[in-house]
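Here's the structure we're looking at; comments come further down.
Chain identifiers are assigned alphabetically (A, B, ...) following the order of the sequence lines, protein sequences preceding nucleic acid strands; residue numbering begins at 1 within each chain.
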Amino acid sequence: MGHSAYIRIYAVIRRIPKGRVATYGQVARLAQLPGHARQVGYALSALQETQEHEVPWQRVINAKGEVSARSIPDYENVQQKRLKAEGVIFDAKGRISLARFQWKATTKNHFRRLAM
DNA sequence: ATGGTGACGACGG
DNA sequence: ACCGTCGCCACCA
């Protein structure tokens, strides 16, 4: 996959507004890596090691509207807390309504920002 | 080389 | 709506 792909993935995630979420697949498509949802997760786990970033990783969730399970114990709760702090609401089953909270990126903004 | 492993997702039953 | 299966593909041992 390569460095530049990670850069594009992070660039997309940085555009997710506070209080909104995007799915892994959505981020992949916006980063021009359609079908590479799993690689988005990979890019995010690489991020944790470097802690020197402004990437709102908590805003990336899976297509079911839930925070994805992690190998790191209890990390899902950390992500949930950060999202709740932004006003994102979880239902009784721990799911987020994508209809309500999913970020709708415009194609126009997308390509303009990619160019810089 | 190569087979196992995911912070995934579409699909079918 | 819930689950199992499968396709996906970069990593890693």
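- With hydrogens and angles disregarded, a donor-acceptor distance shorter than 3.5 Å links the side chain of A:Arg59 to the backbone of A:Ile16.
- Remark: P of B:dC11 and NZ of A:Lys64 are 15 Å apart, rounded to the nearest angstrom.
- Nucleotides of DNA chain C nearest to A:Tyr6 and A:Lys93 differ in position, and the one nearer the 5' end is that of A:Lys93.
- Atom CD in A:Glu66 sits roughly 12 Å away from atom C1' in C:dA1 (whole-Å rounding).
- A straight line from CD of A:Gln39 to P of B:dG9 spans 12 Å, rounded to a whole angstrom.
- Both the sub-6.0 Å distance and the 45° axial angle are not jointly satisfied by A:Arg20 relative to the ring of A:Phe101.
- Interatomic distance, CD1 of A:Ile72 versus CD of A:Gln79, reported as 11.0 Å (0.5 Å rounding).
- One interatomic measurement links the two molecules: CD of A:Glu76 to P of B:dG6, which rounds to 14 Å at whole-angstrom precision.
- One interatomic measurement links the two molecules: CG of A:Asn62 to C1' of B:dA10, which rounds to 13 Å at whole-angstrom precision.
- Across all strands shown, A:Gly25 has heavy atoms under 4.0 Å from sugar-phosphate atoms exclusively, and none from any base.
- At least one side-chain nitrogen or oxygen of A:Ser68 sits closer than 4.0 Å to the OP1 or OP2 atom of B:dC8.
- The residue A:Ala69 sits close only to the backbone: its heavy atoms come under 4.0 Å of sugar-phosphate atoms, none of a base.
- Distance CG (A:Leu98) to C1' (B:dC8): 14 Å, rounded to an integer number of Å.
- Rounded to an integer number of Å, the gap from A:Leu30 CG to B:dC8 P is 18 Å.
- The distance between atom NE2 of A:His36 and atom P of B:dA7, rounded to the nearest whole Å, is 18 Å.
- Each of A:Arg38 and A:Tyr42 was assigned the nucleotide of DNA chain C with the nearest heavy atom; the assignment lying further toward the 5' end belongs to A:Arg38.
- C:dT5 and B:dA10 make up a base pair, with Watson-Crick or G-U wobble contacts both under 3.5 Å.
- At C:dC2, one or more side-chain N or O atoms of A:Arg95 fall inside 4.0 Å of OP1 or OP2 (strictly under the cut-off).
- In this structure, the side chain of A:Arg82 does not engage the main chain of A:Gln58 through any donor-acceptor pair within 3.5 Å.
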Show, in sequence, the C-alpha distance, side-chain angles and deciding distance for A:Val21 and A:Trp103, and conclude whether the side-chain contact (heavy atoms from CB on, under 4.5 Å) test is met.
CA-CA 6 Å; A:Val21 296; A:Trp103 171 46; over 6 Å; no
